[in-house]
Amino acid sequence: MEMELIKQIFDIIGVLFIIYLIGYSTFLFLSVVIGATTLYKRKMQDRMMNKFTENYFVPITIVTPAYNEEVTVVQTVKSLLTLDYKLYEIIVVDDGSKDSTSQQLIDAYNMHPVRRPLHRSIDCQPVEFIYESHEQKVPLTLIRKKNGGKADALNMGINAAQYPYFICMDADSVLQYDSLKKLVVPVLEEENVVAVGGTVRPSNDVELSDGKVVKYRLPKNILACMQLLEYDRSFLASRILFDRFNGSLIISGAFGMFKKETVIAAGGYDHGTMGEDMELVVKLHSYCLTNKIPYSIKYATDAVCWTQVPEKLGDLKKQRKRWHLGLFQTMWKHKKMMANPKYGAVGFISYMYFLLYELLSPFIEVFGVFTMIAAYCIDILNLPFMLLFMLIYASYNSILTLTAFFSRIQTIDLTVKPKACLKAIMLCFFEVTTLRFIMAFVRLTAFKGYKKKKLDWGRIERKKMNI
Amino acid sequence: MKIEIMIYAYIAICVSMILYNIIYIFILKHRERALVSNSKKLKTILNEQIDILKKGEEISEKHKKFLCRELDKTSGITAFDKALEEVFEKEPEFTEKYLVYTFSVFETLTHRYISKDTLKIAYFPYILYKYNILKHYESERLINTLLDLLRSVNVYCRENTLKALYGMQNPDVVRRALKVIDTNLSFHHPKLISDGLMFYKGDKEELKKTLLTFFKGYSMQMRVNILNYFRFAGIRSDSEMLEILKNEKENSEIRFSAIRYFEKFPSKDAEPVICNLAENLENRTWEYQAIATSALKSYPGDMTFRILVKNLSSSNWHIRQNSAISCEKLGYTYQDLINVFDGNDRYAREIMRYRLDRRNAQEEAVRT
């Protein structure tokens, strides 16, 4: 009798898992197909001269928050100065670094101190000093402030920004030479665009010169290579799909453009969250929908930012814990949006997707693994069948990941050698079957020491980039 | 649902995705090869036609029919563009002559392209613009068809068509084109109009006269775009701008554009109006004061100095900042502004000190 009950419970769990898996696989299928189709359509549009053949410059401020970035900050600014764009300024905000981040910049660009008053539209920590350089092709400003976290540093950058649009980017990233031109396209194409997200691609082992790809190859490091596949899947999958119904909830902190006026009206970046990038986008949705302001949040598939991804498991774990905490904080802060008709598709589709398949997924996945072990122990699991099912499911995920990878490669005119393709094919299976589960366990433990890490910058090891 | 069905579904999707990838790679490769081979063939044909023109003969009707067929296809028009680009580089004079002789082909195609898929529609006006094909022709039927293209939902089609129409160098066509854009429901970014008009290579004075004659028939946004274009292109229209500047009932955005115009082109007649706008808020919004304060940098004098010093103490950040920038640009020194630096207004002192320090640093950078 007891056994019957246990069996029934396992059956119910099994059915729920099947529903969950069908939900995810359908989402993945739809998003990869729609994503790939969109990329191919974009390529076709380019071929058919559906592009601006002349330059139209929307003034942009690039805000680069930096904390202990002495290794990369000079190179980052150097790459920003080579961008193929006329109307922009660069603001580096040093968030009270303990290393020589500011000094490196001051020396490299012959910057001089100024007593510049700032229009503090958004609250942030006080300024310690400001340096400027007028010897570069565009104005370069360094603001050193008291430590307050990345969101605080970004708010300072917004306060100092002179132009109507600002870009936030990480100090360890490199913008492709044409990224600004591509990023402003949605603003020129459509009315009421308040934010545009760019595509972030791992730069490990990619050779860049003046923001142009000289040599593209997959990262030698296996972990970095798997992340590349993961990035392609997530950028191609959810972001393009959500873009279809103005439902994007994330614009990567590494590269995104925002309308300053709207961000200030919405209250700027939230100091109290680790996922300030996602929080801002969710806040913009909430602000515009609540106040009935027409708006759209777009995704520019061909505006590329190259970033270093962690090559050590420890660094990756730190990063993913941070992301997961940020996700939790954002979802919790905006819980009123959950399945709320007032927020339309954003509340029903985007929010629910992030809740079920991002925030709760590590719990569900790890629970699933333990359920299988338990079922095996009490001998109610058909192991060969289960393994076959898992194998097919993993193959399915791998093939969709590869579709995302090849779509990206083909549509941005990068070439990879057959050997690299083979590497991608092998690693994507490994990523789906192994890394994914390791990351599920990692994300599960993200809440350990949550209060301590609240405003941590989440350091990972930095390397000088090939630019 | 039986679990086996799910497994079969997954397998089917896997197989179809693999096929999708392979087919797409094949299509891309084939398309690239076809473009190269087509453009090579067309280049040979175009060179033959150029040789015919060099001999003083005319382009045959047979060739025109062939061209019409080719350009009607997506693959044909892309290959033609690639081939023509190379031929144009070598033989610009005769290529232009060739385009004159084959104009009827483009006229026919314009009517055909209007019914094409929105994705494919933009290429044709791009060709018209790129090779300035409309320069020597004024067919009313063709103009009407092109104006219809401006109603497309595809922003690139509208953009390429506008440029092609600018190439006609006919002010009245531009006026009509702007009217179509203005009444169209699709959003067309103001920058694409004000910056795009810079591609008009005809008589700018004539264009100004035409646009001003019909000025009141445009929407507020289009009027701002036109005035901004005048400013960017350096087209003087002082009397009309002065009228706008003085007209208290005129729309704010249009008056802002007029203030900015008189910042670029200072005028004695505009000076008292700008001074008044910079000094007195009256029933106006703060933007008037901020923009007029900025414009004062083009009006050196005692009155300007007095207003700028006063505005340095404004409670509005933008007015204060613009005032400091104007003081900096007008070359005022610490000595000139001694009352500001000795005064009680910390905000005024700080912003002014920053601007003067900044100017010194810039001058220093130029010297070194």
Could you tell me if [X] sits above the aromatic ring of [Y], with its cationic atom closer than 6.0 Å to the ring centre and no more than 45 degrees from the axis?
X: K116(B); Y: Y113(B); value: yes
X: K163(B); Y: Y129(B); value: yes
X: R353(B); Y: F341(B); value: no

Examine whether an atom of [X] lies under 4.5 Å from a heavy atom of chain B, and if so say whether it belongs to the side chain, the backbone or both; otherwise answer neither.
X: E132(A); value: side chain
X: V193(A); value: neither
X: V32(A); value: side chain
X: L400(A); value: side chain
X: H112(A); value: side chain
X: S133(A); value: neither
X: T26(A); value: neither
X: F385(A); value: side chain
X: L118(A); value: backbone
X: F29(A); value: side chain

Exercise. Please determine, among N110(A), N50(A), L402(A), the option with the most heavy-atom pairs under 4.5 Å with chain B.
Key: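 Answer, by heavy-atom pair count under 4.5 Å with chain B: N50(A).
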
Exercise. Mind ranking R47(A), E135(A), H119(A) by heavy-atom pairs under 4.5 Å with chain B and telling me who comes out on top?
Key: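 Top count of heavy-atom pairs under 4.5 Å with chain B: H119(A).
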
Could you tell me which non-hydrogen atom of [X] sits nearest to which non-hydrogen atom of [Y], and how far apart they are?
X: L381(A); Y: M372(A); result: CD2-O, 3.8 Å
X: P139(A); Y: Y88(A); result: CD-O, 3.7 Å
X: L150(B); Y: N184(B); result: O-ND2, 3.2 Å

Most chain A-contacting option - heavy-atom pairs closer than 4.5 Å, from [options]:
options: C157(B), P125(B), A122(B); result: A122(B)
options: I121(B), L28(B), I77(B), V155(B); result: L28(B)
options: Q321(B), E364(B), R358(B); result: R358(B)
options: D357(B), I13(B), I127(B), I18(B); result: I13(B)
options: L35(B), T74(B), D81(B); result: T74(B)

Donor on one side chain, acceptor on other, [X] and [Y], under 3.5 Å:
X: T118(B); Y: N154(B); value: no
X: T301(A); Y: R42(A); value: no
X: K181(A); Y: N55(A); value: yes

Part of [X] lying under 4.5 Å from any heavy atom of chain A:
X: L192(B); answer: both
X: N160(B); answer: side chain
X: Y156(B); answer: side chain
X: I351(B); answer: both
X: F199(B); answer: side chain
X: H188(B); answer: neither
X: R355(B); answer: neither
X: Y20(B); answer: side chain
X: Y126(B); answer: side chain
X: S194(B); answer: neither

Practice problem: Would you mind checking if E85(B) and K130(B) are paired as a salt bridge, meaning a charged N to carboxylate O distance below 4.0 Å? | Solution: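 Here K130(B) pairs with E85(B) in a salt bridge, since their nearest N and O are under 4.0 Å apart.
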
Quiz item: Between R115(A) and E350(B), does at least one N-O distance fall below 4.0 Å, as a salt bridge requires?
Solution: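 E350(B) and R115(A): not salt-bridged.
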
Quiz prompt | Between F129(A) and Y131(A), ring centroids under 6.0 Å | solution =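 Here the rings of Y131(A) and F129(A) have centres that are less than 6.0 Å from each other.
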
Self-check item: Whether Y396(A) and Y393(A) hold their rings parallel, tilted or perpendicular, with breakpoints at 30° and 60°
Solution: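 Ring orientation, 0 to 90° scale: parallel.
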
Self-check item: Minimum side-chain heavy-atom gap R158(B)-L149(B) below 4.5 Å
Solution: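 No, their side chains stay 4.5 Å or more apart.
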
Self-check item: Side chain proximity check, Q45(A) to K51(A), heavy atoms < 4.5 angstrom
Solution: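 A side-chain contact under 4.5 Å is absent here.
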
Quiz item: Could you walk me through whether N192(A) and S296(A) pass the side-chain hydrogen bond (donor to acceptor under 3.5 Å, both in side chains) check?
Solution: CA-CA 6 Å; N192(A) 306 318; S296(A) 63; over 6 Å; no

